[in-house]
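A quick write-up on the structure given underneath.
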Amino acid sequence: MDNRRISRVIGLIEASLGDTEPPVVDRLKERDPDPFLILIATLLSLRTKDEVTEKAAERLFSLAKTPEGILALTEEEISRAIYPVGFYRHKAATIRAVCRHLRERFDGRVPADMEKLLSLPGVGRKTANLVLAQGFDKPAICVDTHVHRIVNRLGYVSTRRPDETEAALRRHLPRRFWKVINGLLVAFGRTVCLPVSPHCSRCPVVPLCERVGVTRSR
DNA sequence: AAAACGGGGGC
DNA sequence: GCCCCAGTTTT
């Protein structure tokens, strides 16, 4: 991977997106940049489609917008509010557990610190980095399945481990792109660089891609 | 019936 | 690294 080349790629993708819908968390952030809401919305979005996540987040946030508020709800009430995201027991329990930890260890506030975020139940690197980038405006690199797939497919890394993709990006991606690369590549990955049968014929990055015409994930 | 949906944890 | 998790919509 080469710094100038990756910059060009991101620039081309950014320019080509036009009015493509950004991912949920990026949209919710426009409405309310509260890191806590971004954290909860990210937990909801786990393996769930964006439109569903957005409605679920709105319904849940109409009931409560703070750890204390959410802890006042039962798992049953949370499950009902977030229908139909799926994984109810798991998600409702995780959300309450996160709120409990926030109250007990972090004074009810979301920490702006990777290690502390990772200490929360149900929070891994993807979630932590998204909260740092979108919730705290920090230059964090959030690698989800889209970012991972696309960076691998471009031929810039060759690994099955998202943390290695993240490390490579930290070395080669100019800092100004760090907190936006996730939103850009998710939008790009949903519309053009699909997991299977990507639309290479209308892809702006073809000249810089080493795997034009692939039909599977990488 | 199977795949897809912006992972995480436990071992 | 591998396996498990567990719900709904879409194909």
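Computed from a predicted model, the values in this text were never measured in an experiment.
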Write down the distance between [atom1] ([X]) and [atom2] ([N]), rounded to a whole number of angstrom.
X      : N     : atom1 : atom2 : result
A:R89  : C:dC5 : CZ    : P     : 12 Å
A:I82  : C:dT8 : CD1   : P     : 11 Å
A:L120 : B:dG7 : CG    : P     : 19 Å
A:R190 : B:dA3 : CZ    : P     : 22 Å
A:R149 : B:dG7 : CZ    : C1'   : 15 Å
A:D163 : B:dG8 : CG    : P     : 12 Å
A:L39  : B:dG8 : CG    : P     : 11 Å
A:L118 : B:dG8 : CG    : C1'   : 11 Å

If you count every heavy atom of other residues, nucleotides or ligands that lies below 6.0 Å from [X] atom [atom1], does the total exceed 12?
X      : atom1 : answer
A:R109 : CZ    : no
A:H172 : NE2   : yes
A:R8   : CZ    : no
A:E115 : CD    : no

Pairing residues for A:R125 by the salt bridge (Lys or Arg N to Asp or Glu O under 4.0 Å) criterion, not counting sequence neighbours: A:E166

Of the nucleotides B:dG7, C:dG1, B:dA4, which has the atom closest to the A:K126 side chain? B:dG7

Look at the side chain of A:F87 and decide which nucleotide, out of C:dA6, C:dT8, C:dG1, has an atom nearest to it. C:dA6

Do [X] and [Y] have side-chain heavy atoms sitting under 4.5 Å apart?
X     : Y     : value
A:V52 : A:P84 : yes
A:I38 : A:K29 : yes
A:I40 : A:F61 : yes

Is A:Y88 near enough to C:dT8 that one of its side-chain N or O atoms lies under 4.0 angstrom from OP1 or OP2? yes

Say we look at C:dT8 and B:dG9: how far apart would their C1' atoms be, to the nearest angstrom? 23 Å

So [X], base contact, sugar-phosphate only, or nothing? Heavy-atom distance under 4.0 Å.
X     : result
A:V24 : base
A:H90 : nothing
A:D26 : base

5' priority, DNA chain B, between A:G122 and A:D144 [closest heavy atom]: A:D144

Members of residues 178-189 of chain A that approach DNA chain B, where some heavy atom sits under 4.0 Å away: A:N182, A:V186

Would you jot down, in residue-number order, the residues of residues 40-58 of chain A having a non-hydrogen atom under 4.0 Å from DNA chain B? A:L46, A:R47, A:T48, A:K49, A:D50

Give a yes-or-no answer on whether the side chains of A:Y156 and A:R5 include a donor-acceptor pair shorter than 3.5 Å. yes

Salt bridge or not between A:E68 and A:R103? Use side-chain N to carboxylate O under 4.0 Å. yes

